Q: 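To start, I am sharing the structure in question, which I have written as structure tokens.
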Amino acid sequence: MMRLAANLTMLFNEVAFMQRFALAAEQGFKAVEFLFPYEFDADLLAHELHRHGLTQALFNMPPGDWAAGERGMAAIPGREEEFRSHLPTVLKYAQALQCKQVHAMAGIVPAGAQRADYEATFIANLRHAADFFAPHSIRVLTEPLNQRDMPGYFISHQRQAAALIDQIDRANVGLQFDCYHAQIMDGDLSRLIESLLPYIAHIQIASVPQRNEPDQGELNYPHLFQHLEQLGYQGWIGCEYKPASTTLDGLGWAQPYLS
Ligand SMILES: O=C(O)C(=O)[C@H](O)CO
Ligand SMILES: [Mg+2]
């Protein structure tokens with residue numbers, strides 16, 4: 001049975017962030033994920049999680065100045081110190097939330113920049129983060145994002161991410177395989193998932209092209225779920241989509257997978 005995690009950044013936006021845990025649990029989710037926890041107290045978040053019996057499947061490392069368009073810095077030359085300075089804070093949240101996976105966003109490569117410099121920075125930073133988190137059994141994830149929504153993002157293809165993970169060469173670095181981005185950039189998802197399974201630590205879902213509920217659009221999720229089950233995928237599936245109407249109105253698709 002596929003294990004769904006509610007993405008609280010995108011779902012249950014009808015209520016304030018701290019109230020979304022209760023709604024997710026009420027609907028039968030056993031786990032949640034969200035982008036950034038840093039404006040909230042770690043212990044308060046942990047309290048919400050635990051009182052609703054939820055697992056924290058994933059959250060992101062600080063992305064830099066989001067409002068100014070920054071989308072992480074793991075690959076940005078000159079930002080190494082800043083990237084590394086975030087690690088103790090991320091660890092504090094991961095420990096409070098008992099979360100075993102964090103996503104290190106890579107950042108935007110400016111047009112005309114030397115890509116090799118960005119690759120070297122990314123590899124060095126991810127090794128550093130992986131070594132920092134390894135004693136705590138925490139994995140560092142990297143996620144390819146599609147170029148339509150995120151022009152210039154450092155990683156946009158799944159196999160490109162897998163090749164970088166090979167170069168990083170740390171056991172606790174994995175792939176965050178978001179089917180929405182993967183379908184836009186790569187396609188052939190059944191075969192892609194099959195060939196990249198050893199890298200995949202986390203999966204996310206949404207319809208394509210609208211990024212709404214997964215029972216709409218061009219992807220056949222019941223088929224992909226069955227395929228994942230046959231392949232023995234054990235991780236969480238993050239529901240990272242924008243409800244077309246309200247979260248509850250659109251949650252019918254998930255009923256077979258929620259208890
Ligand atoms: O945008 C996505 O798909 C994500 O999962 C990210 O964490 C983006 O920030
Ligand atoms: Mg995603």
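When a ligand or atom number is given, it counts from 1 through the structure's own listing order. Fair warning: this is a prediction, and the values are worked out from it, not measured in the lab.
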Q: Regarding R84 and E80, does a basic nitrogen lie under 4.0 Å from an acidic carboxylate oxygen?
A: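 So R84 does not pair with E80 through a salt bridge.
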Q: Determine, for D186 against R159, whether the closest basic-nitrogen to carboxylate-oxygen distance falls under 4.0 angstrom.
A: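 Not counted as a salt bridge, because no side-chain N and carboxylate O are separated by less than 4.0 Å.
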Q: Of all N, O or S atoms in D178, identify the one at the shortest distance from the Mg ion (ligand 2).
A: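 The atom in question is OD2.
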Q: Could you check whether any side-chain N or O of E229 sits under 3.5 Å from a backbone N or O of M1, counting only pairs where one atom can act as donor and the other as acceptor?
A: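 Answer holds: yes.
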Q: Tell me, which N, O or S atom in E240 is closest to the Mg ion (ligand 2)?
A: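 Restricting E240 to its N, O and S atoms, the minimum distance to the Mg ion (ligand 2) goes to OE1.
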Q: Would you tell me which option among E33, M10, M105 has the nearest heavy-atom contact to atom 9 (O) of ligand 1?
A: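 Closest candidate by heavy-atom distance is M105.
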Q: Can an N, O or S atom be found in Q176 less than 2.8 Å away from the Mg ion (ligand 2)?
A: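 No N, O or S atom of Q176 is closer than 2.8 Å to the Mg ion (ligand 2), so no.
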Q: Salt bridge or not for E14 and R20, using N-O below 4.0 Å?
A: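 Judged by the 4.0 Å cut-off on N to carboxylate O distance, E14 and R20 do not form a salt bridge.
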Q: Of all the heavy atoms in M150, does at least one lie under 4.0 Å from an atom in ligand 1?
A: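 M150 does not count as a contact of ligand 1 under the 4.0 Å cut-off.
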Q: Do ligand 1 and W66 have nitrogen or oxygen atoms that lie under 3.5 Å from each other?
A: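 Not met; the criterion fails.
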Q: Taking a cutoff of less than 4.0 Å between a non-hydrogen atom of the residue and any ligand atom, is R211 in contact with ligand 1?
A: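 Contact present.
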Q: Any side-chain to backbone donor/acceptor pair from N212 onto K242? Under 3.5 Å, distance only.
A: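 Indeed, once roles are kept as given, a pair shorter than 3.5 Å links the two residues.
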Q: Between R71 and ligand 1, which part of the residue brings a heavy atom under 4.0 Å of the ligand: side chain, backbone, both or neither?
A: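 Neither; no heavy atom under 4.0 Å.
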Q: Can you find a side-chain donor-acceptor pair between H103 and E33 that sits under 3.5 Å?
A: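 The criterion, which ignores hydrogens and geometry beyond distance, is not satisfied for E33 and H103.
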Q: With carbon and hydrogen excluded and only N/O/S kept, which atom of E143 is nearest the Mg ion (ligand 2)?
A: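 Closest N, O or S atom of E143 to the Mg ion (ligand 2): OE2.
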Q: Heavy atom under 4.0 Å from ligand 1: found in D149's side chain, backbone, both, or neither?
A: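 Neither part.
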Q: Please could you name the atoms of ligand 1 that Q176 approaches to less than 4.0 Å, counting only its heavy atoms?
A: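 What qualifies from ligand 1 is 5 (O).
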Q: Taking the six-membered ring where the residue is Trp, are the ring centres of F36 and W66 under 6.0 Å apart?
A: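 Yes.
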